[in-house]
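For reference, the structure discussed in these notes is given below.
All values reported here derive from a predicted model rather than from experimental measurement. We count ligands from 1, going down the list as the structure has it; atoms in each ligand are counted the same way. Heads up: numbering here begins at 1 and tracks the sequence. Reckoned from all heavy atoms, side chains included, excluding hydrogens, waters and symmetry mates.
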Amino acid sequence: MNGIITPETNRIGTSEETEKNRVTPRTLYLVATPIGNLSDLSPRALKVLNEVSFIAAEDTRNSANLLQCFGIHTPLISYHEHNRKARGEEILRKLKEGASCALITDAGTPAISDPGEDLVVLCAEEGIPVIGIPGCCAAVTALSVSGLPTGKFVFEGFLPTQKAQKAERLEKLKYEERTVLLYEAPHRLKSTLQSLRDAFGPDRRIALCRELTKRNEETLRMTLGEAVSRYESAEPRGEYVIVLEGCPADAWREGSVQSSLSPEEYVQAILDKNPGMKRLEAVKKAAKEYGIPRGDLYDSIMKKEN
Ligand code: SAM
């Protein structure tokens, strides 16, 4: 097997891989760090963190602890939500001058519900190579153990915290057939589960993946109704990923969903479900299914809009 570390060389893998793993100047490395279990930091990540000119970290105190555990003494600067504009420019300047930089966040993969996206854009615009050093990502780890369909999924990250915006977002997900991945803070878990149940019904299956890779790791597989009941009497503790089953493929067409919608709402549902579909086509379809003249339905929609 390729990709082994030999004590003699302290190198990883074949000579081609050794060459590929060389840390190069003028390069930004996005290094994934553990989401709880320090053993998940890869040998390649360690090598990069040791050899880059400097490390940009979301929280320098937090990352200093991690680096100390591995005996890494690379200079550290902060790069977070509130200084990303000025600090991003500064990092870019250093990269252009020939430095190499590793970006890390508090846990997991940078730029995934974490700082990094803007810096990648800056570098891409200026022709600075950006290299991903893959590793932990809570969302993908949760999906893989969820027991729900993994073939197609959509990552939603954190839902908005404002009630109206949250409801609007959930409305958009109503007919989403792919498995949905959500991050949530423990103090918001209860209310988010309630919102999910209200939006998708109590029977929709979920997996609650808690404290992944840590001592108290657990994956709870249940329905939304059961999850809400569970947390009526228990306090959520630790970090959670919510993995939500998608809408059954035919549910939105058949009785349950359609019958609760007016023909006008049904047209909108068809359009939400089929981005790019022409409105007239959706009107034809809805009119046929409701057994009403398509002209009347079209007029009614236009009247409501004006
Ligand atoms: N960039 C990170 C990644 O790649 O997973 C995600 C960062 S985001 C700010 C933090 C959220 O990820 C937490 O609120 C939680 O939803 C999820 N998370 C992080 N670590 C986790 C863990 N060990 N178990 C479950 N969820 C976790």
Discussion item. Could you see if V145 belongs to whatever hydrophobic cluster contains L208? Use Ile, Leu, Val, Met, Phe, Trp, Tyr and a side-chain cutoff under 4.5 Å.
Written reply: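 Hydrophobic grouping puts V145 apart from L208.
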Any side-chain to backbone donor/acceptor pair from [X] onto [Y]? Under 3.5 Å, distance only.
{"X": "N83", "Y": "H80", "value": "yes"}
{"X": "E265", "Y": "S262", "value": "yes"}
{"X": "T109", "Y": "C136", "value": "yes"}
{"X": "E58", "Y": "D106", "value": "yes"}

Response to the item:
All heavy atoms of P115 vs all of Y79, minimum pair found to be CB-CE2, 3.9 Å
Location of contacts on [X] toward ligand 1, heavy atoms closer than 4.0 Å:
{"X": "E211", "value": "backbone"}
{"X": "L212", "value": "both"}
{"X": "A107", "value": "backbone"}
{"X": "F158", "value": "side chain"}
{"X": "P110", "value": "neither"}

Worksheet item: When you look at CZ of R221, are more than 12 heavy atoms from neighbouring residues, nucleotides or ligands closer to it than 6.0 Å?
Response: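 Counting other residues, nucleotides and ligands, CZ of R221 exceeds 12 neighbours.
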Tell me, which protein residue and heavy-atom name are nearest [atom], and how many Å apart are they?
{"atom": "atom 4 (O) of ligand 1", "answer": "T109 N, 2.8 Å"}
{"atom": "atom 3 (C) of ligand 1", "answer": "Y183 OH, 3.5 Å"}
{"atom": "atom 25 (C) of ligand 1", "answer": "E239 O, 3.3 Å"}
{"atom": "atom 7 (C) of ligand 1", "answer": "D114 OD2, 3.4 Å"}
{"atom": "atom 16 (O) of ligand 1", "answer": "Y240 O, 2.6 Å"}

Item to complete: Test salt bridge (charged side-chain N to carboxylate O under 4.0 Å, His left out) on K214 and E217 and set out the steps.
Response: CA-CA 5 Å; K214 303 183 196 174; E217 167 167 2; over 6 Å; no
Return yes or no for this condition: an N or O of [X] is under 3.5 Å from an N or O of ligand 1.
{"X": "S113", "value": "no"}
{"X": "T105", "value": "no"}
{"X": "T213", "value": "no"}
{"X": "I35", "value": "yes"}

Worksheet item: How about R210 and P236: do any of their side-chain heavy atoms sit closer than 4.5 Å?
Response: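 No, every pair of side-chain atoms sits at 4.5 Å or beyond.
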What are the atoms of ligand 1, with element, lying closer than 4.0 Å to any heavy atom of [X]?
{"X": "K214", "value": "23 (N)"}
{"X": "C209", "value": "25 (C)"}
{"X": "E184", "value": "14 (O), 16 (O)"}

Worksheet item: If you measure from the Lys or Arg side-chain nitrogens to the Asp or Glu carboxylate oxygens, is any gap between R204 and E245 under 4.0 Å?
Response: no
Fill in: NZ/NE/NH1/NH2 to OD/OE distance under 4.0 Å, E281 and K278
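Between K278 and E281 there is no salt bridge, as every charged N stays at least 4.0 Å from the carboxylate O atoms.
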Worksheet entry | Among I112, N37, D106, L182, closest by any non-hydrogen atom to atom 1 (N) of ligand 1 | I112
Worksheet item: For atom 5 (O) of ligand 1, which candidate among A138, P34, A185, G108 provides the closest heavy atom?
Response: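 The nearest heavy atom belongs to A138.
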Worksheet entry | Ring centroid separation Y240 to Y183 under 6.0 Å |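 So the answer is no for these two rings.
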Discussion item. With a cutoff of 4.0 Å, is V241 in contact with ligand 1, counting heavy atoms of the residue only?
Written reply: yes
